[in-house]
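As the structure is a computational prediction, the values presented were derived from the model and not from experiment. Hydrogens, waters and symmetry mates are skipped; everything else that's a heavy atom, side chains included, is used.
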Amino acid sequence: MRLPKTYEAEQYEKDIYKLWERSGAFYANPKSGKEPFVISMPPPNETGTLSIGHALFLTLQDIMIRHARLKGKDALWLPGTDHAALAVNALIEKQLSDEGTDKHQIGRDEFLKRTKEFVGNSRNTMLEQMRAIGASADWSRTRYTLDDSLNRCVNETFIKMYEDGLIYRGYRIVNWDPNLQTTVSDDELVYQEEKSKFYTLKYGPFEIGTARPETKFGDKYVIMHPDDERYAQYKHGDTIDVEWINGPITATVIKDEAVDPKFGTGVMTITPAHSHVDFEIAQRHGLDKEQIIDFHGKLLPIAGEFEGINIAEARPKIVEKLNKKGLLVSIDEEYVHNIALNDRGKGVIEPQIKLQWFVDVNKKIVDWKGKKHSLKEVMQSVIREGDIEIVPKRFEKTYFHWIDSLRDWCISRQIWWGHRIPVWYRIDTDNREETYVGIAPPTDQSEGFHEWQQDPDTLDTWFSSALWTWSTLVDPKLAVDGSLSLEAILKDSRDFQKYHPTDVMETGWDILFFWVARMILATTYVTGEVPFKKVYLHGMIRAEDGKKMSKSRPESIVDPLSVIPKYGADSLRLALIMGVSPGNDQNWGTAKAEANRNFCNKLWNIARYIEASTSELAVGSQPEPKTAADHWVIAKLNEAGESINEAISNFNFSGAYYRMYHLIWDDVADWYIEASKTELNSTVLDHVLETILKLAHPFAPFITETIWQTLHAEDDTLLITAQWPKPVKFDAKKAKQFEQVQKIVREIRQIKTALVKQHGNALFKNSQIVADNEPLIKSLAKLESLVKTEDGRGLKLTQTTEPVWFEVDDEEAKKYLKSLQERSKELKESIKNLEVRLGNPGYAKKAPSNLVNESEAQLRDKRSELKTLTAYIASQKSD
RNA sequence: GGGUUCUUAGCUCAGUUGGCUAGAGCACUUGUUUUACACACAAGGGGUCACAGGUUCGAGUCCUGUAGAACCCACCA
């Protein structure tokens with residue numbers, strides 16, 4: 001025997017993967033003429049290693065890709081990694097600070113060199129890990145967000161948007177992280193509840209509340225709701241002299257509806273430079289916006305004696321001064337509010353007004369379906385019009401909600417790691433700044449001008465990710481040719497022409513806004529195409545206890561790569577798919593990996609059995625069904641092939657998994673293989689093995705290919721490039737006969753178990769089915785004998801219409817009587833239910849006729865079973 | 001404050017246009033050294049589908065409300 005007794009995944013996986021890679025099975029071929037099926041792999045951040053969440057998305061996408069390949073499509077799964085600007089930058093800065101240095105000391109070039117080294121290592125590790133999970137991606141097309149070709153796309157997109165007026169530079173309030181010294185986007189903020197003191201201060205005739213007295217130095221506007229009658233005497237624009245922290249100031253009254261009259265005293269002062277809401281009020285009324293806190297979190301000269309002090313230290317001192325001046329009215333110690341943190345690094349965010357680059361989401365400049373739209377409108381339109389479908393559908397609602405409240409997107413970051421902004425500045429002879437937007441600065445050097453300096457900032461990492469589906473498909477050689485326009489590059493890139501738009505974007509719902517929405521934004525704008533036709537959103541994998549896996553609880557983190565040596569990559573994949581449903585989170589459990597390891601072993605042993613039973617597996621040869629079991633198993637394989645295909649196409653992965661699992665374990669192993677021990681038909685056995693290997697391949701690629709290879713040592717066919725099974729002809733009547741056999745066998749087994757009998761004999765009368773399958777029933781039910789008789793004796797089987805008896809003595813019959821009575825009770829119950837249902841005039845009238853027929857047939861069967869049963873019970877009692 | 005999801009067997013979860021006696025894995029009980037597999041085989045126990053109403057011939061599935069849990073968005077000075 002060539003196959004060992006148990007499947008040891010580790011022995012085969014690496015070799016099998018190499019076999020696939022060498023064969024070229026992963027390569028998509030635009031010249032093939034086959035219909036394309038394309039998935040752009042969400043590029044993982046190059047921050048070290050893959051997580052269990054990565055393993056889930058790799059598995060889901062690999063299932064779709066392998067399925068498409070088996071269905072004869074030109075399957076392209078384009079892999080890659082993301083430079084993850086902020087995440088990586090923060091990581092390197094942390095390393096530097098641990099070494100007692102910082103980025104300014106080592107300089108920009110050294111910093112970038114060091115970062116490149118780090119991400120290079122991460123990338124190699126992660127690409128290897130993807131292979132270990134079995135990802136059948138097209139590595140020849142691997143891309144990286146900082147590749148020259150992608151960088152070109154980023155620059156060209158920026159320039160195009162700038163020229164269209166969609167990108168502008170301006171002073172706006174942004175989320176500033178004083179720790180990392182950069183801006184972050186709204187989506188990158190996390191909020192944390194914090195209990196702090198809430199101070200009520202005296203501000204002239206008013207009382208105002210604040211949790212942040214240190215920002216109040218410059219407050220010279222007092223705001224109230226226009227309809228608030230308590231303050232009707234104050235008119236918009238009135239000025240009042242008030243005594244404030246550092247002496248008297250003149251306050252101006254502003255009426256604005258942003259004020260909630262029910263909160264506090266209904267009066268507030270504003271700090272436009274350090275609050276989004278205050279900034280907006282100031283914008284509306286054209287008010288001054290004075291900076292109070294510098295970019296390192298220290299107070300500016302406006303704070304007078306507090307200048308240069310860190311805000312946290314300054315607060316108690318300021319409160320003390322207010323108290324001394326009699327301006328402190330009260331302190332609420334139990335005030336709970338949210339503070340904004342940077343998701344990366346968890347630094348406290350200080351809103352600041354800064355000169356930054358923004359994408360205008362409201363300017364109607366984008367050509368889409370023959371009309372001018374704003375970016376926002378295109379994003380809404382493609383979902384509303386069905387150009388893109390989101391699975392599950394409920395996320396469309398969240399998506400629209402997010403777009404409704406979308407503000408201009410701040411895309412400049414004050415970090416070094418990333419795509420440098422393609423903008424150049426120089427000071428002219430009048431000491432004014434000139435701006436030039438382009439990949440390289442103009443070459444003219446006029447007399448008296450300073451040299452062109454590139455903007456030191458880099459772009460938000462999502463700006464480059466937003467281009468991912470198409471920037472990865474442009475021809476890298478064309479992309480670096482400066483003489484070509486972006487349009488020309490796209491037009492002449494063979495891959496882009498064949499593979500874009502992609503078919504499915506499979507990713508987590510947590511980056512719906514960050515990424516999915518922005519891909520839609522940028523791709524429709526640049527290419528005039530949607531980036532993908534469907535979006536499938538998977539849930540998060542949580543720890544076994546249902547909580548999030550988090551770095552603060554290292555024991556909660558499951559490393560997918562540590563699961564593989566013990567259970568195998570296939571078991572890991574199957575465990576992740578079992579019970580997965582779109583948009584819903586799932587818990588990781590080792591029990592799942594174990595259950596699927598067992599399943600793999602089952603599959604392995606089916607192969608061992610068939611290998612030992614048949615001479616040579618003939619690929620693609622027609623099965624020649626003879627017995628009832630042969631016809632039955634072909635029927636099962638046909639049905640399963642169709643429904644698994646349908647389920648995968650509809651993203652019902654767990655449904656497809658269960659179908660595959662039970663076909664293999666229940667139908668094939670428990671019934672057909674057992675039946676084949678009575679009468680062996682190697683043509684059908686071969687067909688069974690070939691079919692189940694194909695059906696299971698997308699889920700468990702390693703073991704199925706390993707078996708295929710072991711059995712196909714002589715030829716060089718690969719399962720990965722085989723054809724999805726086509727239905728095979730069979731005799732439906734014979735297939736049905738096997739179902740009767742199953743009923744007979746099951747009931748005999750039940751009786752034997754109930755009576756604790758190892759052995760037994762059965763009798764039958766006038767039954768062609770039993771006569772035809774006599775040795776089979778004998779073997780499956782483990783009978784000593786099954787003989788034809790004129791008169792039945794013992795227990796008559798009631799669950800089949802065939803006249804079959806199991807031989808028992810009187811004592812045993814009495815013992816079994818109780819089970820029969822139970823059964824009779826159940827029958828009566830369900831007969832009653834059926835009668836009520838059929839007796840209901842509405843049912844017969846409104847329910848579909850096939851359902852009514854089915855119910856009637858059931859009722860007939862049950863009545864006949866009950867009749868037999870009742871008669872038998874009566875005969876026993878009368879003894 | 002606005003929104004979404006979840007609540008089905010002891011545990012973890014499927015159940016996709018409403019339609020067989022509500023399923024799976026693990027765990028549990030009983031039996032089996034059956035020559036592919038004890039990572040197995042056979043038989044079985046276990047559920048008022050959170051609760052209360054409604055629509056319907058028919059509701060785990062649709063609607064309304066209640067309770068509990070999780071998450072997302074906004075953010076109040």
**OP:** Give a yes/no answer on whether the side chain of A/K602 brings an N or O atom under 4.0 Å of OP1 or OP2 in B/C41.
**Re:** yes

Subject >> Nucleotide nearest A/Y843 (side chain, heavy atoms from C-beta), chosen from B/G19, B/U5, B/C72 >> reply: B/G19

**OP:** Give A/K752 one of three labels, base, sugar-phosphate or nothing, depending on what nucleic acid heavy atoms sit under 4.0 Å from its own.
**Re:** nothing

Subject >> A/R597 side-chain N/O to B/A40 phosphate OP1/OP2 under 4.0 Å >> reply: no

Original post:
So what does A/E674 touch, heavy atoms closer than 4.0 Å: a base, only the sugar-phosphate, or nothing?
Top reply: base

**OP:** Between B/G54 and B/U61, how far apart are the P atoms? Round to whole Å, please.
**Re:** 14 Å

**OP:** Please say whether more than 12 non-hydrogen atoms of neighbouring residues, nucleotides or ligands are located less than 6.0 Å from NZ in A/K197.
**Re:** no

**OP:** Take atom CD1 of A/I831 and atom C1' of B/C20, then tell me their distance rounded to the nearest Å.
**Re:** 15 Å

Original post:
Between A/N587 and B/C13, is there a side-chain N or O to OP1/OP2 distance below 4.0 Å?
Top reply: yes

Original post:
Between A/S581 and B/A14, is there a side-chain N or O to OP1/OP2 distance below 4.0 Å?
Top reply: yes

**OP:** For nucleotides B/U4 and B/C76, find the distance between their P atoms and express it as a whole number of Å.
**Re:** 24 Å

**OP:** Pick the P atom in B/A50 and in B/A59, then give their distance to the nearest Å.
**Re:** 15 Å

Original post:
Does A/F279 have A/K289 sitting over its ring (NZ/CZ under 6.0 Å from centre, angle to axis within 45°)?
Top reply: yes

Subject >> Qualifying ring-ring contact (aromatic ring centres under 6.0 Å, His included) pairs with a residue from residues 583-602 of chain A, counting only residues at least two apart or across chains >> reply: A/F599-A/Y661

Original post:
Of the nucleotides B/A43, B/C41, B/A36, which has the atom closest to the A/R749 side chain?
Top reply: B/A43

Original post:
For B/U5, does either OP1 or OP2 sit under 4.0 Å from a side-chain N or O belonging to A/K397?
Top reply: no

Original post:
For A/R659 and A/S643, which heavy atoms make the closest approach, and how far apart are they?
Top reply: NH1-OG, 2.7 Å

**OP:** Return the nearest nucleotide to the side chain of A/A669; candidates are B/U5, B/A36, B/U21.
**Re:** B/A36

Original post:
If every non-hydrogen atom of A/S196 is compared with every non-hydrogen atom of A/H337, which pair is closest and at what distance?
Top reply: OG-NE2, 3.5 Å

Subject >> Rounded interatomic separation in angstrom, taking CE from A/M540 and P from B/C71 >> reply: 13 Å

**OP:** Check every atom of B/A43, B/G3, B/U21 against the side chain of A/Q750 and return the nucleotide holding the closest atom.
**Re:** B/A43

Original post:
Is RNA chain B part of any stem, that is, at least 3 consecutive Watson-Crick or G-U pairs with both distances under 3.5 Å, and where?
Top reply: B:1-7 with B:67-73, B:10-13 with B:23-26, B:28-32 with B:40-44, B:50-54 with B:62-66

**OP:** Could you check which of B/U34, B/A70, B/C39 has an atom nearest any side-chain atom of A/T6?
**Re:** B/C39

Original post:
Does anything in residues 566-578 of chain A pair up under salt bridge (charged side-chain N to carboxylate O under 4.0 Å, His left out), and if so which pairs, sequence neighbours excluded?
Top reply: A/D62-A/R573

Original post:
Heavy atoms under 4.0 Å, any strand shown: does A/P841 hit a base, just sugar-phosphate, or nothing?
Top reply: nothing

Subject >> Rounded distance (Å) that lies between atom P of B/U5 and atom CH2 of A/W509 >> reply: 13 Å

**OP:** Specify the separation, in whole Å, of atom CH2 of A/W588 and atom C1' of B/U12.
**Re:** 13 Å

Original post:
Can you check the A/F395 CZ to B/U5 C1' distance for me, whole Å?
Top reply: 8 Å

**OP:** Could you state the atom-to-atom distance from CD of A/E865 to P of B/C20 in whole Å?
**Re:** 20 Å

Original post:
Roughly, in whole Å, what's the span from CD in A/E854 to P in B/G19?
Top reply: 13 Å

**OP:** To the nearest Å, give me how far apart CD (A/E822) and C1' (B/G45) are.
**Re:** 12 Å

**OP:** Give a yes-or-no answer on whether the side chains of A/S676 and A/Y609 include a donor-acceptor pair shorter than 3.5 Å.
**Re:** yes

Original post:
Are A/K216 and A/T269 close enough that a side-chain donor and a side-chain acceptor fall under 3.5 Å?
Top reply: yes

Original post:
Is a donor-acceptor contact shorter than 3.5 angstrom present between the side chain of A/R608 and the base of B/C37?
Top reply: no

**OP:** Please examine the side chains of A/I52 and A/L576, heavy atoms only from C-beta on, and report whether any two atoms are closer than 4.5 Å.
**Re:** yes

**OP:** For A/K216, answer base if it contacts any base atom (sugar-phosphate contacts may also be present), sugar-phosphate if it contacts only those atoms, and nothing otherwise; contact means non-hydrogen atoms under 4.0 Å.
**Re:** sugar-phosphate

Original post:
Roughly how far apart, to the nearest Å, are B/G15 and B/G3 at atom P?
Top reply: 26 Å

Subject >> With A/Y203 via ring-ring contact (aromatic ring centres under 6.0 Å, His included) - residues at least two apart >> reply: A/W244

Enumerate the protein-to-nucleotides 25-30 of chain B contacts in which both atoms are nitrogen or oxygen and the separation is below 3.5 Å.
none

Pull out every protein N or O sitting under 3.5 Å from an N or O of nucleotides 73-76 of chain B, one pair per line with the distance.
from  : atom 1 : to     : atom 2 : distance (Å)
B/C75 : N3     : A/N338 : ND2    : 2.8
B/C75 : N4     : A/N338 : ND2    : 3.3

Original post:
Excluding sequence neighbours, so at least two apart, what forms ring-ring contact (aromatic ring centres under 6.0 Å, His included) with A/H662?
Top reply: none

**OP:** Mind jotting down which residue pairs meet the salt bridge (charged side-chain N to carboxylate O under 4.0 Å, His left out) criterion with at least one end in residues 390-402 of chain A? Sequence neighbours excluded, please.
**Re:** A/K393-A/E396

Tabulate atom names and distances for all N/O pairs under 3.5 angstrom spanning the protein and nucleotides 9-11 of chain B.
none

**OP:** Under 4.0 Å between any heavy atoms, over every strand shown, what does A/T269 touch: base, sugar-phosphate, or nothing? Just pick one.
**Re:** sugar-phosphate

Original post:
Does the distance from a Lys or Arg side-chain N to an Asp or Glu carboxylate O, for A/E674 and A/K677, drop under 4.0 Å?
Top reply: yes

**OP:** Please name the pair of heavy atoms, one in A/I403 and one in A/Q380, separated by the smallest distance, quoted to 0.1 Å.
**Re:** CG2-NE2, 3.5 Å

**OP:** Check ring-ring contact (aromatic ring centres under 6.0 Å, His included) between A/F699 and all other residues, then give those that pass, not counting sequence neighbours.
**Re:** none

**OP:** Give A/I673 one of three labels, base, sugar-phosphate or nothing, depending on what nucleic acid heavy atoms sit under 4.0 Å from its own.
**Re:** base

**OP:** Mind checking A/R212 for me? I need base, sugar-phosphate or nothing, with any heavy atom below 4.0 Å counting as a touch.
**Re:** nothing

**OP:** Mind checking side-chain contact (heavy atoms from CB on, under 4.5 Å) for A/R597 and listing every partner two or more places apart, or none if nothing turns up?
**Re:** A/Y567, A/S571, A/E594

Original post:
With a non-hydrogen cut-off below 4.0 angstrom, is A/T210 in contact with a base, only sugar-phosphate, or nothing?
Top reply: sugar-phosphate

Subject >> Sequence-distant partners of A/D332, side-chain contact (heavy atoms from CB on, under 4.5 Å), two or more places apart >> reply: A/F198, A/E334, A/Y335

Original post:
Any sub-3.5 Å donor-acceptor pair from A/D278's side-chain atoms to A/I270's backbone N or O?
Top reply: no

Original post:
With a 4.0 Å cut-off on heavy atoms, is A/D510 in touch with a base, just the backbone sugar-phosphate, or nothing at all?
Top reply: nothing

**OP:** Using the C1' atom as the reference point in each nucleotide, state the distance between B/G23 and B/G47 in Å, no decimals.
**Re:** 11 Å

Original post:
Should A/Q758 be listed as having a side-chain N or O under 4.0 Å from OP1 or OP2 of B/G31?
Top reply: no

Original post:
So what does A/T398 touch, heavy atoms closer than 4.0 Å: a base, only the sugar-phosphate, or nothing?
Top reply: nothing

